[in-house]
Amino acid sequence: MIGVFDSGFGGLSVLDAIAQLLPRADLCYLADTAHVPYGNKPDDFITGRVLAIGQHLAAQGCDLIVVACNTATTTAIQALRDHLQGIPIVGIEPGVKPAAQASQTRHIAVLATEATAKSRRLAHLIATHAAHVRVDVVPCPGWATHVETLRPFTGEFRAEVAARIRPLLAAGVDRIVLGCTHYAFLKPIIQPLLEKHVELVDVAEAVARQVVRLGGEHAALKGHGGRGVLILQATARPERLQVALPMLGLTTLAERSVPAQLVRP
Ligand code: DGL
């Protein structure tokens, strides 16, 4: 079984990409909804959550774990790998490399949580893969929380998103990296702001391909026998996770999920 987790609903965008590549995979998705958002929390706190959740997923028989959260990956993936030796761990990091490679204007932007935006890991990623382009890192406090509410986007929120995106476009940015898995669900309000030559960069599919490379197909066939079961777990209000799937447009996942459980790793 493949275990996938995030602070909340954002990682569902990654789960969806994995489920599309591995339709028979048995999956367990855990949303740490009692502690969302991670993006404004101290590193020690995030690391503690990541280790507890990783341990919990491993104890349930997950033989591959996906950290479907840029903030958790940036802060704690190394600690998790050290803690769970022998279990392949796949993380997600902002798609700085593909964005820098594709940029014609040599100017890209990364939208991220505060924790990811100020992280050394992102600075290193930029220094390694984007030294030849200008990179604007834009912290977006509150955006992940807005996705978590599952409420329709208010005019006020749309205006805030536009106020962050428009100056980037005016400055010549042609690739905008979605550096938080929650932001995949903001595409419907970001996309209409963009001219044709500007693209959003979301690495969810690349993460799913990495899961397959690391043996995801094999892991998926164990556990529940590869029937395409989706177990949903949340650390608070599990029923909201169930409701989130159709509301976020993830109807195929909704169809294969079993009733969400409350867990307390
Ligand atoms: N979805 C997460 C990410 O990719 C974190 C959002 C949050 O909890 O602040 O960074």
Side-chain angles (χ1 to χ4, degrees), residues 3-18 29-54 65-80 89-96 99 109-123 125-126 137-150 157 160-161 164 176-187 190 200-208 210-211 232-237 240-241 244-245 247-248 250 265:
V4 182
F5 75 93
D6 179 36
S7 57
F9 304 146
L12 292 169
S13 55
V14 179
L15 180 74
D16 189 45
I18 295 169
Y29 184 85
L30 189 146
D32 194 10
T33 40
H35 302 101
V36 67
Y38 283 173
N40 60 2
K41 304 272 194 319
D43 288 3
D44 285 357
F45 178 86
I46 298 169
T47 302
R49 293 309 303 151
V50 168
L51 296 184
I53 293 167
I65 293 176
V66 182
V67 185
C69 173
N70 291 264
T71 309
T73 300
T74 300
T75 311
I77 196 163
Q78 196 49 55
L80 186 61
I89 314 275
V90 178
I92 184 165
E93 289 186 302
V96 169
V110 180
L111 309 178
T113 65
E114 293 149 283
T116 300
K118 68 172 172 46
S119 68
R120 265 184 298 169
R121 205 169 163 119
L122 178 60
L125 203 61
I126 291 170
V137 177
V138 185
C140 305
W143 288 19
T145 303
H146 204 289
V147 172
E148 286 294 309
T149 66
L150 296 174
F157 182 65
E160 188 198 315
V161 170
R164 302 240 175 203
I176 298 178
V177 179
L178 300 175
C180 167
T181 51
H182 281 77
Y183 303 168
F185 298 109
L186 299 178
K187 284 179 192 169
I190 298 178
L200 293 176
V201 178
D202 177 0
V203 295
E205 282 173 26
V207 170
Q210 177 69 356
V211 168
L232 297 174
Q233 299 185 332
T235 55
R237 303 187 61 193
R240 293 193 76 244
L241 181 53
L245 290 175
M247 287 191 76
L248 296 171
L250 305 171

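First listed ligand is number 1; within each ligand, the first listed atom is number 1.
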Quiz prompt | Region of Cys69 engaging ligand 1 - heavy atom pairs below 4.0 Å | solution =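 Both parts.
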
Quiz prompt | Within reach of ligand 1, part of Asp6 (heavy-atom separation under 4.0 Å) | solution = side chain

Exercise. Give me the ring orientation class for Tyr38 and Phe45: parallel if the planes are under 30° apart, tilted from 30 to 60°, perpendicular past 60°.
Key: perpendicular

Just need the protein heavy atom nearest to [atom], so name the residue and atom and give the distance.
atom	answer
atom 9 (O) of ligand 1	Gly39 N, 2.8 Å
atom 7 (C) of ligand 1	Tyr38 N, 3.3 Å
atom 6 (C) of ligand 1	His182 ND1, 3.5 Å
atom 10 (O) of ligand 1	Thr71 OG1, 2.6 Å

Quiz item: How would you list, by chain and number, every residue that makes a side chain to side chain donor-acceptor pair (under 3.5 Å) with Arg240, sequence neighbours excluded?
Solution: none

Exercise. Provide the full list of salt bridge (charged side-chain N to carboxylate O under 4.0 Å, His left out) pairs with a residue in residues 37-49, sequence neighbours left out, each pair given once.
Key: Asp32-Arg49

Quiz item: Counting each atom of ligand 1 from 1 as listed, which ones have a heavy atom of Pro37 under 4.0 Å away?
Solution: 7 (C), 8 (O), 9 (O)

Quiz item: Between Ala184 and Asp202, what is the shortest heavy-atom contact and its length?
Solution: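 The answer is CB-OD2, 3.8 Å.
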
Exercise. Answer whether the closest heavy-atom distance between the side chains of Val67 and Ile89 falls below 4.5 Å.
Key: yes

